[in-house]
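One structure is given below, encoded as C-alpha cells.
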Amino acid sequence: MDYQFKDIEAKWQQFWFKNQTYRVENNTSKPKYYVLDMFPYPSGAGLHVGHPLGYIASDIFSRYKRLKGFNVLHPMGYDSFGLPAEQYAIQTGQHPAITTETNIKRYREQLDNLGFSFDWSREVRTSDPNYYKWTQWIFMQLFNSWYNLEKDKAESIDTLIAKFEKSGSKGVQAVCDEDCTIFTADEWKQKSKEEQQKELLKYRLTYLRESTVNWCPALGTVLANDEVKEGFSERGGYPVEQKKMMQWSMRITAYADRLLRGLEEIDWPEPLKEMQRHWIGKSVGAMVSFSLAPGFPKGGGTEPNDDLAGARLEVFTTRVDTLFGVSFLVLAPEHEFVSSLTTSEQKEEIANYIAQTQKKSELDRMSDIKTVSGAFTGSYAKHPITGTDIPIWIADYVLVGYGTGAVMAVPSGDQRDWLFAKHFNLPIIPILDVQKELDIQADPTKEGKYINSGLINGLSYKEAVRLLIDELEDRGMGKAKVNYRLRDAIFGRQRYWGEPVPVYFKDGLPYLVDEKELPLLLPEVDKYLPTESGEPPLGRAENWNYHDQFEYELSTMPGWAGSSWYWYRYMDAQNSQEFAGKEAIAYWQDVDLYIGGSEHATGHLLYSRFWNKFLKDAGYVKEEEPFKKLINQGMIQGRSNFVYRLVNEEGKSTNTFVSAGLRNQYKTIALHVDVNIVENDVLDIHQFKSSRAEFADADFIFEGGKYVCGVEVEKMSKSKFNVINPDDIVARYGADTLRLYEMFLGPLEQSKPWNTNGIEGVFKFLRKFWKLFHDDAFNFFVSDQEPSKAEYKALHKIIRKVEEDIERFSFNTSVSSFMICVNELTDLKCNKRKVLQDLVIVLSAYAPHITEELWMLLGNEAGTLSYAKYPKFDEAYLIENEFAYPISVNGKMKMNLTISLGLDASEVEQLVLANGDVQKYLDGQSPKKVIFVKGKIVNLVI
RNA sequence: GCCUAGGUGGUGGAACUGGUAGACACGCAGGACUUAAAAUCCUGUUCGCCUUAAAGCGAGUGCGGGUUCGAUUCCCGCCCUAGGUACCA
C-alpha cells in the first residue's frame, strides 16, 4: 500500500492513548530529564499553525531523550484562569468554567492530532480547585514569611516575632515597607494584637498596603507593571492610569539581587537575560542627604516654614564623585516636599508648572524629551560637605517612582542636567581636568583627576568614590546604596475568574483562613461585573463569609499566580497532601529544558524564579533556579493576502477587483482576503464569489488571465484572515509531514512568516522513505542481506548528524539530512533491514506515526519504538582512505584532486605539483608556498 | 539614544572550531511517461561575460577597510532590519 498517513496516524494515536505509552513513573533507576512547554491559555480561537512550533521541538527532544535511555517527564496542561473567558461571561452570562472547559476540549483535540508524547495523566489546570488549593497554600506561606537580609533568605514570620520579643526591631535587617518603626522589646510587648499585626504586615512577603497602582478602568482592575505596555493594558490595549489603592503585593524586591545573580548560572537566550537584568535595573551608587534647615526658605522667602524643620532632602546618585559639581537639586513635581518648600513668591509659578505636567499624559511626557521645563521653588538646601546653598527646582524629567524622586544635578557630567542648566542659566561647574567642550554638551567621563572638588581634588574616580562615601558616612550625610528599578508586584485583581485570596478581615486587618479549609472555592455570582458600590465581582456572592462572620478578601489573584509554580505540580499531579511530594521533587528537581515565547520575559519567567527561590528558602524544593535551559521559539507570523477593490470617481467602492500587479493604474482600496481561498497568491475566483453575498457578482481585472493577490506579513489572527489551522494541514498531508515541515522552516528561535508552499517537499520525502520498505507494487519488502559499505555509511552519517543536531536544537538541519540520507538510500536501492530498522528509530523522534507503523511491519512489538535504543554511531563506517582535495591557487578554488589520506605533506605536494591540470593553473611558475591541511585543502601561493 | 539578535540566490535556508559559498527544499525552465490531467521520474537553475558546444574567464555572503596562504566565519568603522527599553539620576 502507498503511504496512507490518515489510517496510520489515527491508528497509532489511538494505540498510544489506549496503552498509555507515554505515561511516566517517578522512577529513580533511570536518569531523569524534564522537558517543559509553556502551557497555553485555552482561548476560543483554538491553535493556529504557529502554536505547535515549540511543542513539536520539545516533543522531538523528549522522544530523543527517551531513546537515549532517560526517564522523560513531558507534561502538558492549561493556564485556564484569565480575562477572555471572563469578558465572554460578562457578555453572555455563560460561566467562565464552561467556556474554559469547551476551549480545553478543542485544544486537546488539536494537540492530539499532532502525535505529541505528553503524559496526560499529569495534566494540570490552574482553575481546578485541586490545583489552586496549592496556589492559595503558597500564598499563605508567603504571607507567613519575611526576608532576613542577614541570612539573605526568607524565613518564617515566627523568627521575626521572636526577634521583636527579644530585642525589638533595632538591628533587624529585613526587607520591609519604608515606614517601619523602631521599637524596643518592651514596646513590642505593649502593643495590642492589632498593632502587632499591623507592624508585621510591613514585613510579610505578601502584604496589603496603600500603593500607587496601574488602574485600568476599562478592565475594572489593577495591573502589574509587566501587564502595562506604554501606558496601555497588554490585554485589550485599554488606557491605564495611576491610582492610590489598598492592594495586595508580593515583595519580589527582596529577591532582586538573587534574581539578578541567578541569571549568570542559567542557560537562557542572551536577549531574555538582558530584559530581566534591565527590568531588575540594579544601579550601584549612594544616598546623599541635603539638609534644609536652618534658615530656609531663603532667597526672599517671607514666611518661615516649620513643616520641614530639620528635614533632609534625600537624593540617590550613581556618581557621588560628582558631588562638588552639584549646582542645583531637582524634585519630581509630585515629590512630597514640594508644597512646603515653595516660597510665597514662587507659589504661582510652581502651581502653574504642576498643573501643566498633570495635563500631560504619560505618553506625552515620554515622547517629549526635547523640551526643557521646570520651576524654581524659591528654597535652598545645604551642600552636605561644603555647606553652600543649592537652589531647589522641580521638573518632570525627574520621576517620583524611581530612587527618591529627587536628584542632585551635575550639569558638567549629565546631559539632562546640562540642558536644564543652560535653559535656566544655572552654573556649570567642571569637576574633572579632562572634561572638554562643556559649552556644547555635558561630558560624563570618569577619567582624569578631580578639580574644584575640595577633599577629592587630584584623586582618580575610584579613590574619590571611596573617600567621599567614608566622609559622608562620618558626617551622617550619606551612605553607599544599591537601587533597583524592580517594584513589588501588585497581586490583586478586581476580577472574577481567578484564584480567591485565602484571607478574611477582622477589624480591618487581614488574616489567613485555616489551612485545613483550603481550597477556598470561587463562589457563584449572578453577574460577572463589579457591584453597584464598586466592589469586585466576588462582592456579589451571597453569604460568602469566613465562619459566617468575617468578610473575605474580594480580589482574586493575578494570571501569573497559577503559572508561577505549575512545573512542580506535574511532578506529582494527583497529590492531595502536598503541592508535590518530597520524593517526587527530589527525583525531578528542576526543568532541564523549557521551551516557550520570549513575551513572558518580565512576567511569568521572573515571577516563577521568584516563587521558586522562596520555595527553596522555605525548604520545599531543591534548586535555586527552576529552568536550567530555556529556548524561545520564534513567532510564526501570518502571510496575509489582499484583493484590491476599485474605487470610482465619487470615491465609492465598486464591485470590481484589480489584480495586484495592475493596482497602481487604478484607485483601489485593499481588503484582506481569506488565505485559504488563495493558492500561490492566485485567487480562487469561484470560492471568492461564494465567500460573501456581496462578492457574488464581482468583476475582475486580471493579469495574465489570473487574479493575483497582494501579500503582507502580519501577526496571525482571525481579523486578518490569515490563520492557518494545523488541522487543515494534518488532514491534507498528515501530522508527520506538518511536524517535519515546521522544523524544516528554519532555526527554531527565528521568527518567520508561515508559507505552506514548501510542504510538498517534506511530504514527498516521507513517501520516498515509505518506498524504501516496499517494492514497486507497494508490498512490504525488506531484505535480510548484509548492507554494503555505502549503505552503512549513509546510515551512520545520519545517526551522528541527528544526535549532534538535536543536542544543539538545530532541528531544521536534521530534516535536510534525513532527506539526503533517504535520497542516498534510494539511489543505492537499499532495502536492508539492518539499515532501515535503525533509520526508523532515528527518524521516530520527528515522525512518530510513520515510523511506528514501519517498526511494526519490521516485526517488532507494537508500541515499543518509543522506548527503543538510539543506534550507536560507529566511526569505522565513515573512515575514508581518500579525499577529493580542493586545489586552490591563492585561496581561489580551482579543481579537485583525489589523494590518499595516508600521505604526508611533502608527498601530497609532489603529487599535486606533478599533476598536469595543476601545472596549467600555475602557468609555469613554481609556487612560493604550499599550504596543506590534511583532509581539508591544498592551497598553492604564487 | 541605549541593549540584544540578525543581514547569504527568485524564496525558506545550509556551511558546527577560518579551509570547495549556496547543502536540502520550494519555485521556475526544459524533458520523459500519458489521449489528457494528476502522480512520478530525469536535466538545468548565484550573477555577468565568452562559446555552436565542451569548457573557460570574472564577480559574489548589507557597505568600506584590516588581519591571514585562505574570511559568510576574526578585528575596526558605517548602513539597514527585528525585538527589547528609555528623561532611571
Side-chain angles (χ1 to χ4, degrees), chain A residues 2 229-230 269-279 281-283 285 288 315-319 322 329-330 332 365-372 395-399 401-410 413-417 419-420 483-485 598-599 601-602 632 634-635 680 741 744-747 749-762 764-765 767-768 771 801 804-805 807-808 810 812-823 884-896 927-942:
Chain A
D2 199 353
K229 299 267 160 359
E230 291 173 357
E270 200 47 44
L272 207 134
K273 287 196 193 183
E274 269 307 303
M275 273 190 242
Q276 290 208 349
R277 278 191 201 109
H278 189 265
W279 190 258
K282 180 178 184 174
S283 47
V288 182
V315 150
F316 175 74
T317 175
T318 53
R319 291 289 304 270
T322 63
L329 298 178
V330 189
R365 225 166 124 165
M366 283 195 296
S367 54
D368 181 25
I369 51 172
K370 292 277 175 311
T371 331
V372 179
D396 62 4
Y397 79 84
V398 177
L399 310 171
Y402 186 75
T404 61
V407 301
M408 57 180 228
V410 182
D414 183 287
Q415 185 60 21
R416 287 161 319 192
D417 297 346
L419 284 169
F420 197 86
N483 209 25
Y484 295 94
R485 200 179 83 103
S598 59
E599 67 273 19
T602 51
N632 291 130
M635 226 209 350
N680 286 324
Y741 184 57
F744 188 59
L745 231 39
E749 287 99 324
Q750 222 165 80
S751 287
K752 51 230 154 191
W754 177 264
N755 189 345
T756 315
N757 279 343
I759 201 166
E760 293 284 348
V762 173
K764 264 190 235 165
F765 153 74
R767 294 163 63 132
K768 221 168 164 183
K771 267 233 80 189
K801 178 74 171 144
E804 284 172 357
D805 283 353
E807 301 279 357
R808 66 192 170 100
S810 175
N812 56 328
T813 50
S814 299
V815 180
S816 304
S817 305
F818 280 127
M819 289 172 173
I820 294 170
C821 178
V822 167
N823 288 346
Y885 278 96
I887 310 297
S888 58
V889 177
N890 289 339
K892 280 271 166 207
M893 212 290 261
K894 295 294 179 190
M895 58 179 285
N896 282 102
K928 274 189 231 138
K929 204 168 162 189
V930 179
I931 308 282
F932 169 68
V933 183
K934 197 175 209 158
K936 291 261 158 116
I937 202 165
V938 178
N939 187 18
L940 308 172
V941 186
I942 52 174

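The sequence lines fix the lettering, A, B, ..., with proteins before strands; numbering per chain opens at 1.
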> Using a cut-off of 4.0 Å on non-hydrogen atoms, how would the nucleic acid contact of A:Asn896 be classed: base, sugar-phosphate, or nothing?
Replying inline: base

> Start at the 5' end of RNA chain B and walk down; is the nucleotide closest to A:Thr404 or to A:Lys894 reached first?
Replying inline: A:Lys894

> So, is A:Asn812 close to the B:A14 phosphate, meaning a side-chain N or O under 4.0 Å from OP1 or OP2?
Replying inline: yes

>> Measuring to OP1 and OP2 of B:C87, would you say a side-chain N or O of A:Gln415 lies under 4.0 angstrom away?
In response: no

> Taking a pair as Watson-Crick (N1 to N3 plus N6-O4 or O6-N4) or G-U wobble (N1-O2 and O6-N3), both under 3.5 Å, which stems of 3 or more consecutive pairs involve RNA chain B?
Replying inline: B:1-7 with B:79-85, B:10-12 with B:24-26, B:27-32 with B:40-45, B:46-49 with B:56-59, B:62-66 with B:74-78

>> Taking any heavy-atom pair under 4.0 Å as a contact, classify A:Ile931: base, sugar-phosphate, or nothing.
In response: base

> To the nearest angstrom, how far is A:Arg485 atom CZ from B:G84 atom P?
Replying inline: 14 Å

> Just how far, in rounded Å, is P of B:U20 from CD1 of A:Ile887?
Replying inline: 13 Å

> When rounded to the nearest Å, what value does the distance between C1' atoms of B:G19 and B:G31 take?
Replying inline: 38 Å

> What does A:Lys282 touch in the nucleic acid at a heavy-atom separation under 4.0 angstrom: a base, only the sugar-phosphate, or nothing?
Replying inline: nothing

>> Check this for me: does the side-chain of A:Asn939 come within 3.5 Å of the base of B:C69 through a donor and an acceptor?
In response: yes

> Atom CD of A:Glu760 to atom C1' of B:U40: distance rounded to whole Å?
Replying inline: 13 Å

>> Under the criterion salt bridge (charged side-chain N to carboxylate O under 4.0 Å, His left out), I'd like the reasoning laid out for A:Lys801 against A:Glu804: C-alpha separation, chi angles, the key distance, then a yes or no.
In response: CA-CA 5 Å; A:Lys801 178 74 171 144; A:Glu804 284 172 357; 5.6 Å; no

> For atom P, what is the distance between B:A25 and B:G83, given to the nearest Å?
Replying inline: 33 Å

>> Let's see if you can work this out: which of B:A25, B:C87, B:G19 has an atom nearest to the side-chain heavy atoms of A:Met819?
In response: B:A25

> Where the side chain of A:Pro271 is defined as all heavy atoms beyond and including C-beta, which of B:A5, B:A15, B:C88 is the nearest nucleotide?
Replying inline: B:A5

> For the atom pair OH (A:Tyr741) and CH2 (A:Trp754), what is the distance rounded to the nearest 0.5 Å?
Replying inline: 6.0 Å

>> Students often get this wrong, so: under 4.0 angstrom with heavy atoms, is A:Pro747 touching a base, only sugar-phosphate, or nothing?
In response: sugar-phosphate

> Given the P atoms of B:U73 and B:C88, what is the spacing between them in whole Å?
Replying inline: 36 Å

> How are the rings of A:Tyr402 and A:Phe316 set relative to one another: parallel (under 30°), tilted (30 to 60°) or perpendicular (over 60°)?
Replying inline: perpendicular

>> How many whole angstroms separate atom OH of A:Tyr484 from atom P of B:A89?
In response: 14 Å

> Which nucleotide in the set B:C88, B:C24, B:A21 lies at the smallest distance from any side-chain heavy atom of A:Leu399?
Replying inline: B:C88

>> Does B:C69 have its OP1 or OP2 closer than 4.0 Å to a side-chain nitrogen or oxygen of A:Lys929?
In response: yes

>> For a quick check of understanding: with a heavy-atom distance under 4.0 Å over all strands, which category does A:Val941 fall into, base, sugar-phosphate or nothing?
In response: sugar-phosphate

> Which distance, rounded to the nearest 0.5 Å, do you find between the CE of A:Met275 and the OG of A:Ser598?
Replying inline: 5.0 Å

> How far, in whole Å, is B:G60 from B:G48 if one measures between their C1' atoms?
Replying inline: 10 Å

> With sequence neighbours left out, what residues match A:Phe818 under ring pair (Phe, Tyr, Trp, His ring centres under 6.0 Å)?
Replying inline: A:Tyr846

>> For A:Asp805 and A:Ser814, which I'm curious about, is there any donor-acceptor pair between the side chains at under 3.5 Å?
In response: yes

>> Could you tell me how far B:C87 sits from B:C80 if I compare only their P atoms? Round to whole Å.
In response: 24 Å

>> Nearest to the side chain of A:Ser816, heavy atoms from C-beta on, is which of B:A21, B:C87, B:A23?
In response: B:A23

> With a non-hydrogen cut-off below 4.0 angstrom, is A:Glu804 in contact with a base, only sugar-phosphate, or nothing?
Replying inline: base

> For B:C26, does OP1 or OP2 lie under 4.0 Å from any side-chain N or O of A:Lys764?
Replying inline: yes

> Syn or anti for B:G9, with syn set at within 90° of 0?
Replying inline: syn

>> Whole angstroms only, please: what is the CZ-C1' distance between A:Phe744 and B:G27?
In response: 13 Å

> What is the distance from CD of A:Gln276 to C1' of B:U4, rounded to the nearest Å?
Replying inline: 14 Å

> For atom P, what is the distance between B:A71 and B:G22, given to the nearest Å?
Replying inline: 16 Å

> Which distance, rounded to the nearest 0.5 Å, do you find between the CG of A:Asn812 and the CD of A:Gln750?
Replying inline: 8.5 Å

>> Nearest whole Å is fine: how far is B:A86 C1' from A:His278 NE2?
In response: 6 Å

>> Say we look at B:C47 and B:A21: how far apart would their C1' atoms be, to the nearest angstrom?
In response: 14 Å

> Out of B:C16, B:U4, B:G19, which has the shortest distance to the side chain of A:Glu270?
Replying inline: B:U4

>> Can you confirm whether the side chains of A:Asn483 and A:Ser283 place a donor and an acceptor under 3.5 Å from each other?
In response: no

>> Quick check for you: among B:U4, B:G13, B:C16, whose closest atom lies nearest to any side-chain atom of A:Lys752?
In response: B:G13

> If you measure from the P atom in B:U20 to the same atom in B:C74, how many Å do you get, rounded?
Replying inline: 16 Å

>> If you assign A:Thr317 and A:Met275 each to the RNA chain B nucleotide with the nearest heavy atom, which residue ends up on the more 5' nucleotide?
In response: A:Met275

> Tell me: CZ of A:Arg416 to C1' of B:G1, nearest whole Å?
Replying inline: 12 Å

> Side chains of A:Lys929 and A:Asn939: is there a donor and an acceptor less than 3.5 Å apart?
Replying inline: no

>> Classify A:Asp417 by what it touches in the nucleic acid, base, sugar-phosphate, or nothing, heavy-atom distance under 4.0 Å.
In response: nothing

> Roughly how far, to the nearest 0.5 Å, is the NZ atom of A:Lys771 from the NZ atom of A:Lys764?
Replying inline: 15.0 Å

